[in-house]
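Shown next, in structure tokens, is the structure this report addresses.
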Amino acid sequence: MSNAMRDLVMGEAELGSEEDDESFDEETGEARERNRDRNMDDSSEEEEEDEDEEEARKVREGFIVDEDEEEEDAVDSDEQRKRRKRKRRQEREEEAQLDEEDLDLIGETIDGYGDKEAEKSKFKRLKRGHRDEDRGKKSRGLDQIFSDDDDDIDERPYGRPSHRAQADEFDDFIEDDFPEDEDERIRHMEDMEVARPRDRGLAGSVLDPTGLDKEVLDEMEEIFGNGEDYDWALQLEEDEEDRQREETTLELKDVFEPSQLKEKLLTEEDNEIRFTDEPERFQLDRKPFKHLQISPEQFKEEAKWITNHLWPKKQLSPELHQPFLKGIGKVLEYFVVEELEVPYVFQHRKDYLIHAIKQRNPEHREDPEAPEYVVHAEKLLTQDDLWKILELDIKFRSLIEKRNTLEKNQLNLRESADVQDEMLSEMTPQAETMEELQDLQDYANFQYAPQLKDIAAMNGVIRQTKRPGAKSTVFERVRNSKVYKLVKAYGITPDRLAQNALREGKKVIADDDVKLPIDLADSLVDVDFPTGDQVLYQARQMYAEELFMSPRMRKHFRTVFYQMGEVSCFRTDKGMRRIDESHPYYEIKYLINQTIPDLARRPELFLKMMRAEEEGLLEVKLRLQNEKEFRRQLHAEFASDNYSELADAWNEERQKVLDVAFPKLERIITKGVKDNLRTACQDELFKLCREEYSRRLDQAPYKPKGMVLGTMPRVLALSNGMGDAARDPISWAWVEEDGRCIEQGTFGNLARDDVQREAFVELVERRKPDVIAVSGFTADTHKLVRDLESLVSEKGLMGPEFDDPESGDFRSELLEVLIVNDEVARLYKDSPRALSDHPTLGSITRYCVALAKYLQNPMKEYAALGKDITSLLFHPCQNLLPQEKLLKYLETAMVDMVNLCGVEINEAVSDSYTANLLPYISGLGPRKATSVIKAINTNGGVVNSRDELVGDPDNNKLPVVGPRVWNNCASFLYIEYDPSNPASEPLDNTRVHPEDYELGRKMAADALELDEEDVKAETDENGAGAIVRKLFKEEEQEKVNELILEEYAEQLEGTYNQKKRATLETIRAELQAPYEELRRNYTPLNPEQIFTMFTAETKDSLDEGMILSVNIRVVKDDFAIAKLDCGIEGRIEAHEVSSRSNVSMKEVIHVGQTVQAKILDLNRKDFSAKLSIREDALRRPYRKHIDHDRGTWDYRLEDDDKEALREKDKVTGRTQRVIKHPLFKPFNAMEAEQYLGSQGNGDVVIRPSSKGNDHLAITWKVADGVYQHVDVLELQKETEFSVGRTLRIGGKYTYTDLDELIVEHVKAMARKVEELMANEKFRKGSIADLEKWLTAYSDANPQRSIYSFCIDPKHPGYFFLCFKASKGSRMGTWVVRVVPNAYEMMKNQYPDMRALCNGFKLRFQSEMGKMQQRR
């Protein structure tokens, strides 16, 4: 076989793009300088390195003596010293490479990094051969194209130099791009490696590249010398190279792209956050305001500002307002001054979140034994409130920053331009929102534009010169001209008018000028404004602009719009046809006159409105309920109260000014109100999502009867996946308490196969699980659940024994079969994490493992998802929320729950699954969590005490975290107490913070009734933790319940001014049950949730009264069974088939037929439905109940639109076709493309065809901006509007129904497109971009050939295959077409990318051969 042919076929498998491609930038196509030393690596060198490492290990262990040591003992010559020096330099070069852990960490961000490394290690011995940079290069011909070798093919055979070449090991051997048998391919390459001689020569031989014998060489050395006379010069040069190399440090940023470093949190900024002693979340939130200093006055103002935001929603009694304000001030002090995070404040400063009042007990008079005083406590702030305060703190910082900027501008105006503006001075400190500050900024920029421009010029800030026609320039000309006298003649300033409207101060009435407006205007003409009409117009515009810029007038408008505004939706022409009754926006299509309180109660409605407006389907307008009255009142504040022709003329002119100003003010205010309303609605939805996530997190491990809450159960998990439990395998996994899957397998039919049933019984009796977990992807899983329940009952399979408190005896109950929420398992089963955890298990088995681990600890499973948590559904409308902000809200819920449960720090160090919880610990974050684990490993991998985390110099323990971070996280990182270890601190295993350890020890001593001398003796002998240890050892924990904590609390508050009542309660609870499980019991799914999980149907998508397609499965004389698309079965009674009584069911329907049916009854618990196919029932369409009165729904416009659509259909000559299929939309081609624009690749729309009612059109998304429209011919149609029984595409592909067509045709092509676009040979961009890339690649690698694919956007479903044989050749292009389950090129089909690539090479070789024959 020729080298060219071998290169052509073998190229893909050889991975030939890793060696010389170091000189080529894959992204830009630019050439870059090569590192020739690294290109000379040989596979034999790698083996030598491995051998050297093995020998070095043996030397360290004392097994053998290093040859270098023997030589040093024998002779210590200069030559050997040089050799050692060179060796040390080589070692330094190797050490200069990046740490493998860092490389692996970065490699995780690169798709296929690990695969490429593994693949590279497999192939490099086969590929590299022996290279020599000085070897002459032979240019390739066209017959050598696409060998994919990086270097020129080495014609020299392996082994030592010889005039006889060895037999070519690749002759008559063809290997595909991706060999079929992986093991066979690896064995073959290992055999070839063993058989291949090494470049270092055969043992005992001396090879001289000069070919001279020893005598001649000795004679030459005597004449010319051996060069040692110049060693001193070479030594100086080597020393200088060593010094420079030591000074040069290779960093991550020198090797990896900034985006990769950013993704793995390894930038310099990330490292700064990592090592700064401040909670990570605080650093990130306050980053924009890092240098902002808040004064004590502003700090008090912030407490009042936050109180004003929170107080209206708290619904507390008025007398608690002052304690509430004080509590918020204290919380801010903890956040800002002490830098304590929310979990710490909630756990250890709980007393400041409660208002407690001590009152005399009236019962004490009658009962002397009753307490004299009782304490009434009122909770002021919850944990959710603390997060809200933290969020408002960031907003207030933004407010202060903007206010400081505004005040600085005012100071500059006073000092530099002698501008004294009382309104700015008065309103700036009073501004409480960003809108009010922006109003003041706009006013200052408008009123003092020239002065601010001069100040900026003085400060060296050059602003862009505005064009002469700009609005601000015109207004400046008016202000500086005689026209401004007419502006003043309106008799009242805009600011005073705004004060009148706001009812601020005494009302000022406008004065009328002595002249009529037009007469005054005529007297003020000048060169710029030569006529009275122009003067009047400019004056009107100027006053309107000043009114528009007035901060007080904007405040007035904003207040009125919030109080009296109404929101209405107006559909656009696009939305008229696009939003049909099945569209999610139909509930807002004709919604009108919605007040802001109305929308606040249903925040998702307004978010839908805004999204529909963004998509161009609706126009959302905010208008005043009583706009005419508002305008009249505004004019009344502006008009003079004189009665004369002159006054009427001026009042008319004032009305014209208001007519100009009102639309401007309305436009800017409505925009701001809508934006604020959107933010408020988003916050409500964020809150709902967070509450739902908290509910799912607040679940302890499943608790079998008789066990302590928090005990990990042993779980047997089963699933049928997408299969039918009666026919397809049922996967199962056995997971122990520690989360290890130690056994797995499959079962057959557990309902009827006795062998499989016995195998299941044997497994249960052998493993004795605490619970059986089941879940799956289809409605058939419900049958599996019933089969398991009947099998457990029939065979009497019992759960674990437990102590019955009623009878006092041990007993057991039937083993529980539990349906598990699989939302995490679905994401896990095919994730990289799952493949890494269980590489040998199948996808469904990994799914079963995830189900079991969810039962064992739901919180850990959610934590392991990381940022993927936003892909779970917490609210039906969460897609309307910004994902980054949603993630932040969800993370706060996880932070709360993780800190409630705590993390065993030593377990987190040794177990990556537990380590996923560390970023959520108070004070930590993803950056600090990795730093903590790394530091603990540096200290030996074990933490012995909480104090050790801040360093222990006596025991050579480096600090893991700084003091501030330690203060935040110490109580939430616990260490298992070891009674056998006298140094083990029992309080390190509790929620008690180290700052309160003395309180805990004092309580333990009092519980044990030890006096001070006993305590001192015990602690002197056994350490500070001796008293608590004694309490645990003697099992006297219950005695702490006898302590009167109120006296402790009063003593602490009186002596140390510390409120510790709630803290003392926590200590008492922890002394009795350290880190007790506080989460709620595991919550099983309700029938509604199970139905949605198995069928993906909600009440909105499947409900009674809906008409849909069903497939007939069984037909009897008196009933029929049909299957719905969601997988549940429906029963059709005989009287629900036809209105005619004398018609047999078998005459109307038959098995396999698809018919339209109406749902009469839907039983979600039993996964069954009652259906009707009667014509009279189908004639009554399903209408979703929309409860609107005439004032909030535009029924007239709705009727008009329906009539207009009917008329439009009459004009086109055909009735609008409607097909009951979830993918059907009444779109045209353009509308279908617009709809799919926001969908994923491969998504489909079925729509009417313009070719008539015997055609359908299928539009599917090939890629972004690329859509293919498929014409479907319908044959064997029962009626004009029914779907044909035979569907044909292109006269070649035939299908029996739409679902089969979608799966077997469209989805099959979509998979092929995805496969091609995921291939390494595919490049994004146009064919012109690809040509540039290929050209740049060829320029950088002139001896290499290259080919690649790109999409053809003008012909959806087609791709370009472009190639260049060499640098000087032109780019060639072939067309590849995607067909169902294959690729078509030059009328030949290829099943996958491997076959396509190899087929291309063979076809190209054939074409080149034909061309050479013609020559």
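A quick note: this is a predicted structure, and the numbers were derived from the prediction, not measured.
- The closest donor-acceptor contact from the side chain of R846 to the backbone of L841 lies under 3.5 Å.
- At least one donor-acceptor pair under 3.5 Å links the side chain of R611 to the backbone N or O of N879.
- With hydrogens and angles disregarded, no donor-acceptor distance shorter than 3.5 Å links the side chain of E1136 to the backbone of E1133.
- The closest donor-acceptor contact from the side chain of K1307 to the backbone of G1242 lies under 3.5 Å.
- Between the side chain of K1312 and the backbone N or O of P1380, no donor-acceptor pair lies under 3.5 Å.
- Annotation: side chain of D1103 is in contact with side chain of Y1182 (closest heavy-atom distance under 4.5 Å).
- Of the N and O atoms on the side chains of T781 and N720, at least one donor lies less than 3.5 Å from an acceptor on the other residue.
- By the neighbour-count criterion of 12 heavy atoms within 6.0 Å, atom OH of Y1358 is sparsely surrounded, having that number or fewer from other residues, nucleotides or ligands.
- Sparse packing is recorded around CD of E1175, with 12 or fewer heavy atoms of other residues, nucleotides or ligands lying under 6.0 Å away.
- Taking the ring centre of F1227 as origin, the terminal cationic atom of R578 falls inside the region bounded by 6.0 Å and 45° from the ring axis.
- Of the N and O atoms on the side chains of E1097 and S1101, at least one donor lies less than 3.5 Å from an acceptor on the other residue.
- Taking both residues in full, the closest heavy atoms of A1204 and M576 are given as CB-CE, 3.5 Å, listed atom of the first, atom of the second, then distance.
- Checked by atom type, the side-chain pair E1274/T1286 shows no donor-acceptor distance below 3.5 Å.
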Y1293 vs H1305, ring-ring contact (aromatic ring centres under 6.0 Å, His included): CA-CA, chis, key distance, verdict = CA-CA 8 Å; Y1293 303 97; H1305 193 90; 5.0 Å; yes
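- Residues R1247 and T1259 bring a donor and an acceptor atom of their side chains to less than 3.5 Å of each other.
- With sequence neighbours left out, the side-chain hydrogen bond (donor to acceptor under 3.5 Å, both in side chains) criterion links E765 to no other residue.
- Not a single donor-acceptor pair under 3.5 Å links the side chain of K795 to the backbone N or O of R757.
- L814 and V792 make their closest contact through CD2-O, 3.8 Å (heavy atoms, listed as atom of the first residue, atom of the second, distance).
- The two atoms that bring I819 and L1085 nearest to each other are O-CD1, 4.1 Å, heavy atoms only.
- Between the side chain of R1174 and the backbone N or O of H1135 there is at least one donor-acceptor pair closer than 3.5 Å.
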